[in-house]
Amino acid sequence: MVVSESAPAEMAGLSQDQLRSMYRDMVLGRLLDERILVLNRQGRAPFAISGQGHEAAQVGVGYALRRGHDWLVPYYRDLTLVLVMGMEPKDHLLAALGKAADPNSGARQMPGHYGSRAHNIVTTGSPVATQILHAVGVAQSFRYRKEDTVVVVSVGEGGSSEGDWHEGLNWAAIYHLPVVFLVENNAYAISVPQSRQMAVAHVADRAAGYGMAGAVVDGGDVLAVYRAASEAVERARSGQGPTLLEALCVRLQSHSSDDDQRRYRTAEDLADTRAHDPVVRFRTELEAAGVLLDGDADEIRQECQRLIEAAQEEADQAPVPDAASALMHVYAEA
Amino acid sequence: MVVSESAPAEMAGLSQDQLRSMYRDMVLGRLLDERILVLNRQGRAPFAISGQGHEAAQVGVGYALRRGHDWLVPYYRDLTLVLVMGMEPKDHLLAALGKAADPNSGARQMPGHYGSRAHNIVTTGSPVATQILHAVGVAQSFRYRKEDTVVVVSVGEGGSSEGDWHEGLNWAAIYHLPVVFLVENNAYAISVPQSRQMAVAHVADRAAGYGMAGAVVDGGDVLAVYRAASEAVERARSGQGPTLLEALCVRLQSHSSDDDQRRYRTAEDLADTRAHDPVVRFRTELEAAGVLLDGDADEIRQECQRLIEAAQEEADQAPVPDAASALMHVYAEA
Amino acid sequence: MAEITYVEAIRSAMEDEMRRDDRVLVMGEDVGAKGGVFGATAGLFAAFGEERVIDSPLAEAAIVGVAIGCALAGLRPIAEIQFLDFIPPAMDQIISEAAKIRYRSNGDWSCPMVIRAPCGGGVHVHGALYHSQSLEAMFAHVPGLKVVVPSTPTDAKGLLLAAIRDPDPVCFFEHKALYRSLREEVPDDEYLVPIGQGRVVREGRDISCITYGATVHEAVAAADRLAKDGVQVEVVDLRTVRPLDRSIIISTARKTGKVLVAHEANLAIGVGAEVAAIVAEECFQQLDAPVMRIGGPEIPAIPFAESLAEVYCLGPDKIEAKLRELAAY
Amino acid sequence: MAEITYVEAIRSAMEDEMRRDDRVLVMGEDVGAKGGVFGATAGLFAAFGEERVIDSPLAEAAIVGVAIGCALAGLRPIAEIQFLDFIPPAMDQIISEAAKIRYRSNGDWSCPMVIRAPCGGGVHVHGALYHSQSLEAMFAHVPGLKVVVPSTPTDAKGLLLAAIRDPDPVCFFEHKALYRSLREEVPDDEYLVPIGQGRVVREGRDISCITYGATVHEAVAAADRLAKDGVQVEVVDLRTVRPLDRSIIISTARKTGKVLVAHEANLAIGVGAEVAAIVAEECFQQLDAPVMRIGGPEIPAIPFAESLAEVYCLGPDKIEAKLRELAAY
Ligand SMILES: Cc1ncc(C[n+]2csc(CCOP(=O)(O)OP(=O)(O)O)c2C)c(N)n1
Ligand SMILES: Cc1ncc(C[n+]2csc(CCOP(=O)(O)OP(=O)(O)O)c2C)c(N)n1
Ligand SMILES: [Mg+2]
Ligand SMILES: [Mg+2]
């Protein structure tokens, strides 16, 4: 198990534009996430699930992909990652408000159930870990058609306890499939701490037992994630098989809008979590490295806010689904 | 991963009587197994599933247990192991012939579906790997009641691909439960070779990823198995948690009476398998060590044959189940 | 008599039984410190400790499979599945194992355990497709299981006590829309509601509405409306969908001669089909109208947006319309 | 026209379709070199290689889940589950995932795939409790799935071709007692049997026996016996149990006025309950007798010993007795 470390000075060989773009995507994800929580608190969005604290992991992985070509099978915390893949803030505000134009599901599913064929983002449901097997099947198809496409599938550390997780990793290893298993480990599955989920320090400790590569990376360090993910994606693309990539994240918010994490996490734990905000950290690093100059961060923030504002205006106006449409798409329409 | 090696000279600290008894149990299992196959070929037993080639692994494990105290959750190849636990040849001839007095299931299940409360042998069905979780629950109960009982659960290497297997090992590791997971690896799951079942050399390579002890042992070497199993049982009994114990076995017969392994195994593979008959091997070792003297082996064989003969006579006479009884035991009888 | 909610009835049944019988354990996701996502196990962790209130890994087959092992070893486990929608990974353990253990061992082994899960949805439950399903038909089809779907706090408590003491596996499905919306006085003293017995919730001579779960309350509301027009609807709460209380079904159908079966679950091959088939076979001579059914339409589950959810859900209006159709027949 | 067995019909449908469409893949336990435990995939491995005929690990959720992924990526996978009894571990992937993919994505994604499994038992199939079950009701309850249970070689081939080309997930359950016992001439040219259409196997004006799968042949045998006494039984083979062919059910019931529904699966909340409920609701005016049902008794599955298996199984005698009961009504 290699815990990759960041070398902020060299900035992973990325250009200043790329670095700023990564930061901007993290900010966009964060602000959109915050906005959705506000809509929930206002009683306008019945349900919200937050990815705050996972932005660095998601941007790091997203930038390692050939967007428009590679595939993603996400999970509900991947708001920032699906934005990186090309979805728009409006798409998720439409979902939060239950509007017909929600591209994920037409407001049939709860918000956070991502999917968009246009962006190679596979539709996802609620059951934890089922998506692992879908990604393996997608990868099997790439291999069968001799395509050089890679699929990333994400899941929480809790999800690694499910049988489907095991069956999927095992299958991918047997067939050396082009898939990256991304575990976004935020140390909790709702209220259940990692120590009640597994008896090992890292989910990626299991990679060897499947005969695949494994890596643990600091998920608060976007560049470290980018490097580790790039390696994993390269491995997959070049036919050397799957990787189990574990990104150690923090969960800044409660599990969902139906949960209150103060009821089962100590004040110290929560304070420590807040101290590991990956967006703050990357800003600090970019400022120290001179990539972000005075005012740049604020400008990025304002640009993102404007985008979200405009998106919300559109989403507010959008109609709710037509009742009759509820009966459609059970089977292919004749 | 430690591959335990046998040291035949010292004979694992066992007395000559114990060694002879182990050999006798292997022979009894083998002969009974052969008899059941004959009944099948005669058209008298509709189905048979053979454990030939697994006898050393099973006797080695069985002798490591406190019989009458410890528990077993077996699988369908464990004929010899359930005999070691105290079941009788007659019990399995009754099952093979579908007789009412079959103690495993009253002829409701196919032969090979072992179970006997009197012998702490948990009832088993056909679905592969479900039993893993039952054993974990049994072990959780021992722990809850602060008993010093150990449970062994067995499964094939193919069964290790099932989700239940993963969920069970993970749970047992988290709670340090007194369970020994015995994988009887005979390199095939029906026709599927190990290379299509996993991308690792040994199932026990997975132990570390669960945070539990693991060992691979030559399942053709009864004393090596006995030693490895004794260690695992001791570990469990003393509260140090579960062990994943893999015994490398050979499958001398086809998967079941419905299968013909010559259709998917090469002649060399089959010849090599036959060369690894564990019963022959132990006999040779015991003779070399002077534990079995001239004629001893034949005498043991004859004793076992007589036992089986008598048992079959009884089983032949025994009545088939009464039709009305088919409706019983769906729920507790009022 | 204390006035308690439906979820408090569930909670107190478990607490009482855990005090009375130290073989009773609870296991499931988040049942410990958090007390369950709906609070059904609130306080149990503090009262009984982590050996008896087990925060399981995120693995439903394990929750049920380990509980089966506990039952085999003589304990009385209660397995909580966080939402009924997440029970399918445990289906094999439930229908291939728990349901068949007594039968396959010819009575040598048994599997006394309870599998609790919140079910159901509704326009104001925002759970959408995967936090709203009513899957009881799949379990009610399976000999070896018992399946209970209580509709009131009193029943919830009495039936859960009976389920925990039952010698066989019991699926216990609790409608999440009832958890906090219903409040009722329940007896302070221990009482059991027998599994397998329905209840006439409201007497009537003109039409029978046979139902269970949260739909009972919608049926009663609809019946009240018809009463204003002089049509007397008898509402029967099945309470248990396996085994079905055939005698209450047959007697109400023979009495009124007109039957509507109603449930939230998908209609096709649901519990209602069985009830209708029983009525059709047993009450042929007494029927004055076709047996009618109302239930979930041919879509997978309840969608998220309210405008869509309404298409799925029953509610008093739709039931009333069907009852009036029957009345006019 | 070649005379082929039921299993050969299955095999040749897969082979033809694999030749026609390179998106078609087969995956499952032992489907490769062994050709499947019943030989349904015999020769495919040699013909199409290991990239298209995949010996899966022993993991049913994976077989279905990976097939779903293939379908999402544009292939047309056929997933074989070795015995229907071993499908429950894949239930989550089937009912929570495959069945809901189109609906939950509002039509953005779809999941065209076939899940094949041998089902059923009988006195001379020695499979016992876990190699004999008929679990179709569980899948037929679920919107989003189609469920096909063919009874003849001709139907098996034509329906399997239709299933492979269907844009949605199809469960395809093959009765193992038919695999080698039935032989029939099937057309040499490509033909499809449409999913969702029943078939009148034998015309009759007095009683309808509505059934499917292997029971069709038992019903025909029973009908032949009644014919000797001048009672004309119409035997209807549903062929597909989701979607049900309502019009054939209603028209045969209205025609004869007497209906027996028969199937091997457990009776309670089975497909027969739905058929009976449809008849009861739609044919009330035309019925001359109660809708009757016959099916698996209240035991988990078919026991091993013949004396016990007979208690479970239908067979012409039991069906005949019920038909005579109806005739006499
Ligand atoms: C099969 C299944 N079981 C339970 C749930 C309820 N549930 C939703 S998220 C969750 C916790 C997931 O934890 P983890 O995998 O660590 O991901 P995180 O939410 O921490 O990112 C649970 C139990 C579910 N959605 N699916
Ligand atoms: C869940 C399930 N799937 C499939 C089967 C059919 N089946 C019975 S044994 C077997 C192979 C098991 O192989 P392995 O685990 O290696 O044990 P072995 O038979 O080699 O001892 C299969 C596929 C089953 N019984 N249960
Ligand atoms: Mg987590
Ligand atoms: Mg094997």
Side-chain angles (χ1 to χ4, degrees), chain C residues 60-61 85-96 99-100 103-104 128-130 133 135 137-138 140-144 241-244 261 265-285 287 289-293 296-301 303 329, chain D residues 60-61 85-96 99-100 103-104 128-130 133 135 137-138 140-144 241-244 261 265-285 287 289-293 296-301 303 329:
Chain C
E60 287 74 16
D85 311 71
F86 305 133
I87 210 169
M91 209 82 142
D92 193 38
Q93 287 289 347
I94 299 171
I95 71 174
S96 306
K100 295 180 173 63
Y103 192 79
R104 79 181 183 207
L129 303 183
Y130 292 102
Q133 291 171 82
L135 300 173
M138 299 207 168
H141 179 53
V142 178
V241 297
R242 168 170 276 275
L244 277 174
V261 196
N266 287 104
L267 198 64
I269 318 192
V271 171
E274 181 66 26
V275 175
I278 292 171
V279 171
E281 179 153 6
E282 301 289 343
C283 313
F284 181 69
Q285 308 273 9
L287 282 182
V291 191
M292 291 188 182
R293 288 180 295 157
E298 282 285 294
I299 64 178
Y329 193 91
Chain D
E60 288 74 16
D85 311 72
F86 305 133
I87 210 169
M91 209 82 143
D92 194 36
Q93 287 290 346
I94 299 172
I95 71 174
S96 306
K100 295 180 172 64
Y103 192 80
R104 79 180 183 207
L129 302 183
Y130 292 102
Q133 291 171 82
L135 299 174
M138 299 206 170
H141 179 52
V142 178
V241 297
R242 167 169 279 275
L244 278 175
V261 195
N266 287 105
L267 198 64
I269 317 192
V271 171
E274 181 66 26
V275 174
I278 291 170
V279 170
E281 180 155 4
E282 301 290 343
C283 314
F284 181 69
Q285 308 273 10
L287 283 181
V291 190
M292 290 188 182
R293 289 180 294 158
E298 282 287 294
I299 65 179
Y329 193 92

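Here is the naming used below: chain letters follow the sequence lines, and residue numbers restart at 1 for every chain.
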Nearest heavy atoms of C:P303 and D:Y103, plus distance in Å: CG-OH, 3.5 Å
Spacing of CG belonging to C:L267 relative to NE2 belonging to D:H141, to within rounding of 0.5 Å: 9.5 Å
Chain D interface, residue from C:A268, C:A280, C:A276, C:A140 that has the most non-hydrogen pairs under 4.5 Å: C:A268
Residue among C:A90, C:G144, C:A277 with most heavy-atom pairs under 4.5 Å to chain D: C:A277
Closest heavy-atom pair and its distance - C:P297, D:P143: O-CG, 4.5 Å
Option in D:V271, D:L129, D:I299 with maximal non-hydrogen atom pairs under 4.5 Å from chain C: D:I299
Pairwise distance CE(C:M91) to CD1(D:I94) - rounded to 0.5 angstrom: 10.0 Å
Between D:C283, D:G296, D:A137, the one whose heavy-atom pairs under 4.5 Å with chain C are most numerous: D:A137
Closest non-hydrogen atom pair between C:V142 and D:M138, with its separation: CG2-CE, 3.3 Å
Partner chain C: residue of D:A289, D:A301, D:G272, D:A128 with the largest heavy-atom pair count (under 4.5 Å): D:A289
Which atom of D:R293 lies closest to which atom of C:I278, heavy atoms considered: NH2-CG1, 4.1 Å
C:L287, part contacting chain D, at a heavy-atom distance under 4.5 Å: both
Interatomic distance, C:M292 atom CE to D:E282 atom CD [nearest 0.5 angstrom]: 9.0 Å
Distance, nearest 0.5 Å, that separates CG of C:D92 from CD1 of D:I87: 11.0 Å
Engaged part of C:Q93 at the chain D interface, taking heavy atoms whose separation is under 4.5 Å: neither
Reported CZ-to-OH distance for the pair D:R104 and C:Y130, which is rounded to 0.5 angstrom: 4.0 Å
Smallest separation among heavy atoms of D:E298 and C:R242, with atom names: OE1-NH1, 2.7 Å
Proximal component of D:E60, with respect to chain C [non-hydrogen, under 4.5 Å]: neither
Residue part contacting chain D, namely of C:P243, when any heavy atom lies under 4.5 Å: neither
Result of checking D:P89, D:P88, D:P300 against C:S96 for side chain to side chain contact (heavy atoms under 4.5 Å, CB included): D:P88
